[in-house]
A.B. asks: 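Dumping the structure here so I can ask a few things about it.
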Amino acid sequence: MTRSGTVATAPPTISAARAVDVVKLYGTGHTAVRALDHVDVELRRGEFTAIMGPSGSGKSTLMHCLAGLDTVSSGSVFIGDVELRSLSDKKMTALRRDRIGFVFQSFNLVPTLTALENITLPTAIAGRRPDPQWLDTVIDTLGLRDRLSHRPGELSGGQQQRVAVGRALAGRPEIVFGDEPTGNLDSRSSNEVLTILRTSVDRLQQTVVVVTHDPHAASYADRVLFLADGRIVDELRAPTADTVLDRMKGLEQ
Amino acid sequence: MRTVALRDLRSHKVRLALTLISVVLGTAFVAGSFVFTDTLKHSFDTIFATSDKGIDTRVQAVHGYQAGVPTGLLGTLEKLPGVAAVQPRIEDDLVLVDEHGKRVDTGGAPSVGGAWQPRTRIGDPTRIVDGRAPARTGEIVINDGAASKYHLRPGEHVKIVVPNAAVQAATIVGVYHVSFDTGGYVGALFSRAQAMSLFTDGRHYTAVDLAARPGVSEQALTARVAAALPTGLEAKTGTQVRDDDAQGVANALSFVTYILLGFGIVALLVGTFIIYNTFSMIVAQRQRELALLRAIGAGRKQVRRSVTSEAFLIGLVGSGLGLGGGIGLAFGLHALLDSLNLGLPSGGLVLSTRTILISVLLGTVVTVLAASAPARRAGRTAPVAAMREEFATPTAASLRRRTALGVVVAVGGAAVTVAGATASKASAAASFTGLGLVAVCAAAMLLSPVLARWLIVPLGRVIGRPFGPVGQLARTNAVRNPRRTAATAFALTLGLVLVTGIAVIGSSMKASIDKLFADNVTADYILTTSTSVNVPPAAAVAARHVPGVASVTEIQTLRASIDGKSRIGSSVDGPLTTVMRVPLDAGSSSTAGLRMIVSHKFATDHDWTVGTRHTLSVPGVRPVTVTVGGIFKDDQLIGDWAVNGNVYRALTPQNRWSDDVALVHASKGTDLEALRANLKRVTNDFYVVNVRNRTEYQGMIASQINGLLGLLYGLLGLAIVIAILGIVNTQALSVIERRREIGMLRAVGMHRAQVRRTVYLESLFIAVFGALLGVSLGVGFGALFTRTLRGQGLGTLSIPWTQAGLFVGLAAVVGVLAAVWPGIRAARTPALTAIATP
Ligand SMILES: Nc1ncnc2c1ncn2[C@@H]1O[C@H](COP(=O)(O)OP(=O)(O)O)[C@@H](O)[C@H]1O
Ligand SMILES: [Mg+2]
């Protein structure tokens, strides 16, 4: 990985998303915060990646930039082979809708729509019909078939989050992003959600990236990236909760 | 706590502005109506105080149909003890024609003729400011206001049109000063002799004014005079004279006052919903902040008071501004009516203490009351709410009690309405229907959260279908908080109930007149005037001689006492059935000789039948006895009864003889256009006569109705403006409330345009819901009111469906327009707001 400022030309097809030499500044002048400091990341297809790091290390910022929710100060971000910087708001919105799935920590669902309507919302917004077979598969994976006509207010937090995962998967996106998707859940619900994400990677070849500060959650991933002060400082493959915890302890010292 | 309230006011500028505007508009209407009325009243009081100055007693005829005060009485009055001066008053309407042959149209202002008093005995002497006083027949002086407004000057040869004496030539020899100006008033003064011959029958004065000697009170003098009067005459004190004159004008203008006041109340009511909505939302949004205040030790009362003082400030500032707006409104209305030539006196606007007190008090109290429920809710905020995760789902308090109350009020309202619809007396029917309208509107307000769900869901399905998920989101958002939706929509509902109701009544008026004409009138041409001087009989005679005219039928209004009761009916010269259809129940339609025809209703009410004899009498004239010869089906054109023109002439002073209308029947095969030209030519010399065919006549009446409706629509438009502000307010606040949700939708791929469209559609649904409710109630009650007025000539109900549809369509457009700005704001919500922890 080089620190060249040049934009890569022929992106390898193996990556679902890439960040090349990304810098993200908040504010200007003396008070500017460098949330991302020349970050290079490549997220491979069909892989479950967890991004970890101490609070304020830039995890969320990195995810927002990768997912096209925020713009970078310099460097470039690719989803598949599309450079995000050149996209208009309209194209960016369409890209988020068609190629990216999101699971947020909270406030994921439209309270006035049923679970099923929430799941198919991005497809509906695009003016398309969901692929019924795929939808079936997703719903089966979620284990929510008997809750589809319920509104979010009638579901538990874990169930709501499973619906959010369902919505993220329903459009067959190239990549699913989650920012602390289990941050507000008890351990049982948390396991359910993570298992669904894991299953989607294993069975449906989905690419998943989650930001978390929970080593147990990170242990579901194939690969863990460690962030500190806006830089990628470490990487771990085939993590367990213990190995992740060890690395984290190392970082915090 | 006061600082918290103040800071909060400043931090919600937009909300503040919108709430303020609704208070301002409401109070402006109320204040405007007071200022307008006070101003007019003050002007007229001044006029009558000046024109009736020095009068202690006035002697006049009891009934309008009498000729006046006999001239012979003057000597008797002069000799009464305590009388200092006696001055006869001679006065009647006239029309002035300038030297170019152009009629001087005074609009609503009086155009009268009178006698020049060489020696003023009562009040201030009339001062000639240009030229000289009239000395002989054919010379007149006019008031300075008219001289300058209509460019008349001494030396000008003019013409005078008075009812029976027809057109007289005159020369203006002078201009006299009048210390008041009533926007176009014309007062032409003649020599006493000519005035007597033009405006009276030569044996009567219009009235006689008296002044008391020093030490004699006006009451004492009046009592003394009254004792000396023969029957048929009455004496009034000077104070009474001035009060009655002013009261007459006030009554004539009271409809303007009532309308303004009505709109003020509607505007305030509508404003109440906006204020309530705003404060509810402010309180909901500040839950955390309020809870924090509670957690750190603020008491319920303190929290409640902070919200109430916010409302108090808004109410105070808003009603203060509204007062200013009201003055502007009164000024504008005055200018508008002045430009319509209604003859309003000019004069400075009158702002009384009462106006200030009522406006400010009303505005402030309404605001504080509207905010009281939200304030109580704020006080009830639990301190732990500060720790809770905030979620935008509203606290869905049960609607059950509200709905139950709504049903009760609705049933009561329906019962009263039914009572109104079935009441036999028109006045009772109208008041019951009015009460029913108020109750049903109140019920609609109580029930509208439930109705909103019932109506918006199917409506949204239909209208929202082409928009897919955007339509669905808009629909579900619109019923998300039914109370708020209902309060927002109800402002529009209330405005449209009134607009549609008036439209139905107006349309029924036009339809009734059309039907009346289509069913009853067969005349080819209709001669009428648009002045206070009616058609001179000589004009009808001239029309009779035009080639191609088969007959001319003249109709006059006859006032007389019949069998001891004062009555108004018609008299007819010429054949009735050639120009009108007169369906008969019994007898014949002829009024020849001493025969009378009577309407079915009048005959039944008074037990008259064919063959009964009745005596028509007027004091000082020999009574005439007529026999009922026919009973006709009730008819608006003829009225209760009709007799022959000869009876009219026997009972009416000759100087007043004139026709309300002269109906021309053309011979078969006559070229109607040529006939029109000829009729115009021969009546042209009378200056006041209009020649119209049936269609033109109907059109003229329709345009008069439209003019009146236009004025009402204009005023109601302002109520709709407040409703729009309400929608803007609600949508803006909803958007702020749903920021995170909108951010989430943006994150998962909703385009800005789609976000905007969702807000537009939601607003459209709310507006169309409000409009549908309002238009339905308006149509219903418009029809019911029309029914109660069926005896007053509104026999035909006509519901302007196209217009009603247009109102709904307009509401949809208004809904979308009101959402433009909130929609743009919503679309700007960054996707990250959904994820960023607050
Ligand atoms: N909108 C923002 N404005 C200014 N600074 C920000 C903003 N968002 C994040 N930061 C700063 O950027 C750094 C990284 O933040 P973030 O990506 O949220 O960290 P993490 O998610 O790892 O806790 C922090 O120092 C944070 O204070
Ligand atoms: Mg974070």
Side-chain angles (χ1 to χ4, degrees), chain A residues 60-61 63-65 67-71 88-114 117-129 151-154 157 160 164 167-168 170-171 173 177-181 183-184 211, chain B residues 388-396 453 456-457 460 464-482 485 734 737-758 762 765 827-838:
Chain A
S60 296
T61 306
M63 201 207 77
H64 296 161
C65 291
L69 289 170
D70 208 350
T71 53
S88 64
D89 176 75
K90 227 175 162 167
K91 288 215 170 106
M92 184 75 102
T93 306
L95 178 127
R96 282 202 302 268
R97 187 187 68 200
D98 299 336
R99 300 175 66 173
I100 297 177
F102 286 104
V103 184
F104 308 126
Q105 183 172 355
S106 65
F107 223 85
N108 264 301
L109 306 177
V110 179
T112 57
L113 300 183
T114 63
E117 284 165 347
N118 266 292
I119 290 173
T120 55
L121 185 64
T123 334
I125 288 172
R128 288 194 293 265
R129 294 194 168 282
R151 282 179 216 285
E154 301 157 345
Q160 288 187 28
R167 180 191 62 205
F177 287 101
D179 191 359
E180 308 267 9
N184 275 350
V211 164
Chain B
R388 276 208 293 265
E389 177 77 16
E390 156 235 35
F391 216 79
T393 31
T395 45
R453 230 179 267 158
I456 291 180
V457 170
R465 179 163 300 271
F467 298 93
V470 167
Q472 190 188 11
L473 281 174
R475 163 165 57 83
T476 53
N477 279 341
V479 291
R480 194 164 176 170
N481 189 337
T485 298
S734 300
E737 241 176 38
R738 295 181 199 147
R739 257 178 83 78
R740 298 194 66 194
E741 188 181 317
I742 295 167
M744 185 267 290
L745 287 168
R746 288 279 292 135
V748 301
M750 195 174 223
H751 283 297
R752 286 202 171 125
Q754 289 176 310
V755 172
R756 275 198 299 271
R757 227 170 285 147
T758 314
E762 177 184 348
F765 293 156
R828 288 212 194 111
T829 310
L832 276 177
T833 40
I835 314 151
T837 25

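Keep in mind that the numbers below use all heavy atoms, side chains included, and drop hydrogens, waters and symmetry copies. So you know, we letter chains A, B, ... as the sequences are listed, proteins then strands, and number each from 1.
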A.B. asks: Looking at B/A831 and A/R96, what are the two nearest heavy atoms and their distance?
C.D. replies: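 Scanning both residues, the minimum pair turns out to be CB-NH2, 4.3 Å.
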A.B. asks: Quick one, B/M744 and A/V110 - any side-chain contact, counting heavy atoms below 4.5 Å?
C.D. replies: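 Yes, their side chains come closer than 4.5 Å.
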A.B. asks: Of the non-hydrogen atoms in A/F102 and B/A747, which two are nearest, and what is the gap between them?
C.D. replies: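 Closest approach of A/F102 to B/A747, heavy atoms only: CE1-O, 3.1 Å.
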A.B. asks: Grab the two heavy atoms, one from A/A124 and one from B/P469, that are nearest each other, plus how far apart they are.
C.D. replies: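 Smallest interatomic distance, heavy atoms only, reads O-CG, 3.1 Å.
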A.B. asks: Can you tell which part of A/L113 gets under 4.5 Å to a heavy atom of chain B, answering side chain, backbone, both or neither?
C.D. replies: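 Side chain of A/L113 only, per the 4.5 Å heavy-atom cut-off to chain B.
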A.B. asks: Between atom CG of A/D89 and atom CZ of B/R752, what is the distance when rounded to the nearest 0.5 Å?
C.D. replies: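 With rounding to 0.5 Å, CG (A/D89) is 4.0 Å from CZ (B/R752).
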A.B. asks: Select one option (side chain, backbone, both, neither) describing which atoms of B/R746 are under 4.5 Å from chain A's heavy atoms.
C.D. replies: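 Both parts, backbone and side chain.
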A.B. asks: Looking only at non-hydrogen atoms, find the nearest pair between B/E741 and A/P111 and report the distance.
C.D. replies: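 Heavy-atom minimum between the residues: OE1-CD, 3.4 Å.
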A.B. asks: Select one option (side chain, backbone, both, neither) describing which atoms of A/E180 are under 4.5 Å from chain B's heavy atoms.
C.D. replies: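 Interface part for A/E180: neither.
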A.B. asks: What distance separates A/I125 CD1 from B/M750 CE, expressed to the nearest 0.5 Å?
C.D. replies: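 With rounding to 0.5 Å, CD1 (A/I125) is 4.5 Å from CE (B/M750).
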A.B. asks: Under a 4.5 Å heavy-atom cut-off, does chain B meet the side chain of A/L121, its backbone, both or neither?
C.D. replies: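 Answer is side chain: those atoms of A/L121 sit under 4.5 Å from chain B.
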A.B. asks: Starting at CZ of B/R475, measure out to OG1 of A/T112 and round the result to the nearest 0.5 Å.
C.D. replies: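 The CZ atom of B/R475 sits 9.0 Å away from the OG1 atom of A/T112.
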A.B. asks: If I measure from the heavy atoms of chain A, does B/V470 come under 4.5 Å with its side chain, its backbone, both, or neither?
C.D. replies: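 B/V470 has no heavy atom closer than 4.5 Å to chain A.
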